[in-house]
Every structure is written in structure tokens, then in C-alpha cells.
Q: 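Can you keep this structure in mind? I'll have questions shortly.
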Protein chains: 2
Amino acid sequence: MAQSDTVDRILDAAEELFAERGFSETSLRMITSKAKVNLAAVNYHFGSKNALIQAVFARFLTPFTVTLDTAFDDLEARCKDVPPTLEQTLWALTESAVRMPQRNEKGISIFMRLLGLAYTQSQGHLRKFLEAEYSNPFGRFMKLLKDATPDLSAVDRYWRIQFMLGATAFTMSSSDALREILENKLGVETSVEEIAARLVPFLSAGLQAEIVVLPPMTDETFA
Amino acid sequence: MAQSDTVDRILDAAEELFAERGFSETSLRMITSKAKVNLAAVNYHFGSKNALIQAVFARFLTPFTVTLDTAFDDLEARCKDVPPTLEQTLWALTESAVRMPQRNEKGISIFMRLLGLAYTQSQGHLRKFLEAEYSNPFGRFMKLLKDATPDLSAVDRYWRIQFMLGATAFTMSSSDALREILENKLGVETSVEEIAARLVPFLSAGLQAEIVVLPPMTDETFA
DNA sequence: CGGTTGCTCAAACGTATGTTTTAAACAGAC
DNA sequence: GTCTGTTTAAAACATACGTTTGAGCAACCG
């Protein structure tokens, strides 16, 4: 190995193992043995395990946010005055994720799973890192969502966005396993693109559901 | 302390710590020192850490499934011939969760968080345990969902149920953090009951969204 | 050529973990 | 009173972890 493809091999192995098992459950020794590099290489190149986790995220998140930013530019250019619709915004996001150059066939699945983990596993350092580095494109997405759902209150919108993120991250993070189950059970093959195509209408309908009047949790609620 | 409230003190402490930090991130020493019992007591009473995790789940899941089963009985009794609607089914589930007798004020939050963790943190032993012990009530819920959405194809329903589970598990597994963010940002306090009340209409609308005609993923899709 | 630099390697370090063991106390039941 | 099941205490166990060290190696530069 001429020069350090060691760094990339570590990142590849770490990415895959983190996605499979989570952060705490993945040891540096697993990573380095999968990457076929020396154990000390991680601390030499990245400084610490936490820094490696952040590097894994930076490697796919930075190009993604660039793609996403131009997708939003295109979208806003097409919709001169009126704000983009909810469906258009969601499709722009989905397209950017699906069309990302992938390192391997599992690319999009790993991508989503890691995003889910970042939310779920409460790694303080990761949350701070992501907030510091990527708050801008995320904020732009939120702004578009806000303009596309003017009838929602801020609180309603906040929660529905969480529901949306949850459905997406969860489904995509285990989409390989889910696809397999479906194939065995119903004999149907499904691509990630098709899952996305089913997901967008679901999310769109959920986001635009009729607003409930709180508090609804009385005995009559269940009658 | 006359006889073994040691077991309950261990379960209480473990439940709370697991919900706060996850399974791998919680050590037996944290649990025993919080419970103010001896370290060896865990292995004496439960045999292993994994067995303790399963015991924590069994303690709240068993009464919950009993409650849920009677809730489904009531529901089907009220709807003599016609199958219960989607909203009714979802509310029956939500009601059973919210109305569960709680050990303390954090009860329902911990309950949800643990369920989310069970899905998210891929603890092999836990998944097997839950499948072996609680597959029946889950199957009944699926049957009700199927009867409530007769217009959906099996494939569409399959994916939309995944989306639904994802939104729920994901939101609930980090609901404390999400609640905090919302409180800091908008100065609004939200109870778990209110989250559930917002979630049900979202899921219901998503499940009943118009069915898309595949394949929609052409360049024109994004135009 | 000598010296510096970037990198790899095996080995060790210190710490934390789950688990086990020993002993001694304590309770209630027969 | 004795026995049985609990509980505590303290210590040790073996293992795994993230991190550090120092020697070695190759390439590059003056």
C-alpha cells in the first residue's frame, strides 16, 4: 500500500460496523481487524475513538449536504415566487440521498442507519459535532418544510417532523432486513428507490393530517 | 429489610438507568450502587446482566399485554360485526400504554424509551426473548390493522406498518431529549400523552394515504 | 550520505467490565 | 435451636476496552 489508504480502510470498516452494531458495541479492535490495519493506527490517524466516529459522519455528510444544497437551489429556482410544495421538498431530499455516489451497494442503507444511530444513541460529542457542522442545511430544510405547511402550529410541525424522521431513519436503517422478510413472505423484491417512493406519500399524508384538538385523552376519546 | 425487596430495588434502578443510558452503557455497578444493594446481588437473583435486562422488560411488558388483550376484547365486543377502524385500533393500543399503572411519574416515558431501545439496540438475546414471550398480542394487533385497511395491498400495508413502527419507536426512544429541545426552543412543555395524541393522527393519515403507482422514480418525478 | 519525517507494528499500560468466590451476618420456618 | 434462603461485605477473577509507547521501516530531502 503506497500511501495511507489506511485511513480509508479504517473509515470503511468503522462505517459498516457502526451501522451494524452501534458505537459502544463496536470496539477499535473489531474495526482494525476488519480493516486489516494495526490497532494503533486509529489513534495515530484520528486521535481517539470519538474523533473516528465524527470522521465517519463527516465523510458522507459533507458531500450529502453539498448535493442537498444545490437540489434546494434548483427547487427554489423552479418555483419562482410560490414556496415549494411539501412533496417537492421531500422529493428533493429523497433524491439527494438516493442519488448520492455510493461506496458500495449497501451505501444508502448504511447512510440512513448511521443517521438513525446519531439520533438514538445519545453520544454527547456527536450531537455537538453535528450541530456545529451541519446546522445550516438542516435549517434550510426546516425552513422549506415550514413554508410548505403554513397551517401547522410550530409545535405540531415540530413533532410531525420528528415522526417523519423516525419513520425514515428506522425503515432505511433496517431496509435490507425488511426487504428480505418481504421477499420471503410475499415473494416481492423491493429496491431502496421503491421504498422511498412509498415513504414519501406516507410522510406527506402524515404531515398534512388534520390537526387534533388537545387534550383528547378523555374516556370519550376511546369510545 | 425483611425479605427480598432487593429484587425490586434492583429492577427499579436498572429500569431507570437503562432508559437513561442504554444497556451497554449501564454497568452493574451503577445499578447496584443506585439501588443501594451489593454488587453480587444481581448475579445471585438474576444470574446474569442479560437475564436482568429481560426481567426488566418482563415486569412491565407482561401486565401491558394483558391490558392490551382486554382492550382488544372490548373493542371487538363494541364493534359487533364490522371490524374496528384504524383509529380505534391505534387508540386502543395507545390507551393501554398510557393507562398502565405506573410505578412513578416517569413511568410511561421509561416504558416507551425501553420499547424503543429494544428495537434500536440490537441485543440478540432480547429480541429472541421478546419474540418468544410476546408474539401473540403483536400478531393480534397486526390482524386488526389488516382488517382496518382492506384497500391496501399486502405489500403496501407491510411497508406502511414499518413506517409506523419506525415513527413510534424512534420518537419514543428519544422523547425525553426531544421534549427538552422543544422546551428550550419554543418554551412548550409536552407530556408523553400529548405526544401519543399527536402521533396517532399522523400514523392514521399516513397509513391511509393514497396509493402511489410505481415506478415513479424517473427524472420527471422530481420535476 | 545522514537525517528527518510519516507510518506501521507488537507490546504494554491502566482502567472498567461481568462474574465468581469467600466469609460472615440476618431472617423466618419447621 | 437449627436449618434454609437472603443479604452484605470485600476481594479477586478473567477479560475486554481505549490509549500509549518505543522500536523499526521506508521514503524523501538536503
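Heavy-atom basis, side chains included; hydrogens, waters and symmetry copies ignored. Quick caveat, the model's predicted, so the values are computed rather than measured. Numbers restart at 1 for each chain; the letters A, B, ... are given by sequence-line order, proteins then strands.
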Q: Is V37(B) touching bases, backbone alone, or none of the nucleic acid, heavy atoms closer than 4.0 Å?
A: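 Here V37(B) touches the backbone only, sparing every base.
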Q: Given atom CZ of R29(B) and atom C1' of dT17(C), what is their separation to the nearest angstrom?
A: 6 Å
Q: Are OP1 or OP2 of dT6(D) and a side-chain N or O of Y44(B) less than 4.0 angstrom apart?
A: yes
Q: Whole-Å distance between dT8(C) P and K36(A) NZ?
A: 16 Å
Q: Are R21(B) and E16(B) ion-paired here, with the side-chain N under 4.0 Å from a carboxylate O?
A: no
Q: Taking OP1 and OP2 of dA16(C), is either one under 4.0 Å from a side-chain nitrogen or oxygen of S27(B)?
A: no
Q: Answer yes or no: is there an ion pair linking R113(A) with E20(A), defined by an N-O contact shorter than 4.0 Å?
A: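 Salt bridge flag = no for E20(A) with R113(A).
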Q: Salt-bridge test for K143(A) and D147(A): reply yes if a basic N is under 4.0 Å from a carboxylate O, no otherwise.
A: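 Here K143(A) pairs with D147(A) in a salt bridge, since their nearest N and O are under 4.0 Å apart.
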Q: T6(B) side chain N/O closer than 4.0 Å to the phosphate oxygens (OP1, OP2) of dT6(D)?
A: no
Q: Measure from CG on N43(B) to P on dT20(C) and round the result to the nearest Å.
A: 6 Å
Q: Go nucleotide by nucleotide along DNA chain C from the 5' end; which of N50(B) and L39(A) gets its closest nucleotide reached first?
A: L39(A)
Q: Write down the distance between CG (L28(A)) and P (dT8(C)), rounded to a whole number of angstrom.
A: 16 Å
Q: Which heavy atom of T65(B) sits nearest to which heavy atom of T62(B), and what is that distance?
A: OG1-O, 2.8 Å
Q: What is the separation between atom CD on E25(A) and atom P on dA16(D), rounded to the nearest whole Å?
A: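 Checked: the CD to P distance equals 16 Å.
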Q: What nucleic acid atoms does T32(A) come within less than 4.0 Å of, heavy atoms only: base, sugar-phosphate, or nothing?
A: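 Contact class for T32(A): none.
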Q: For a 4.5 angstrom cut-off between non-hydrogen side-chain atoms, does T6(A) reach I10(A)?
A: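 Side chain of T6(A) against side chain of I10(A), heavy atoms only: contact under 4.5 Å found.
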Q: Write down the distance between NZ (K49(B)) and C1' (dG18(C)), rounded to a whole number of angstrom.
A: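 Result: 8 Å.
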Q: Spell out protein contact along nucleotides 22-27 of chain D as letters: B when the base is contacted, S when just the sugar-phosphate is, - when no protein heavy atom is under 4.0 Å; keep the 5' to 3' order.
A: ------
Q: If we ignore hydrogens and angles and just use 3.5 Å, is the side chain of R157(B) paired with the main-chain N or O of T149(B) as donor and acceptor?
A: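 Judged by distance alone, yes, a pair lies under 3.5 Å.
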Q: Return the set of residues passing ring pair (Phe, Tyr, Trp, His ring centres under 6.0 Å) with Y134(B) (not counting sequence neighbours), or none when no residue passes.
A: none
Q: Whole Å only: how far is the CG atom of N38(B) from the P atom of dT19(C)?
A: 15 Å
Q: Whole-Å distance between dT7(D) C1' and D5(B) CG?
A: 11 Å
Q: Would you say H45(B) reaches dG5(D)'s phosphate, i.e. side-chain N/O to OP1/OP2 under 4.0 Å?
A: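 No, because none of the side-chain N or O atoms of H45(B) sits under 4.0 Å from OP1 or OP2 of dG5(D).
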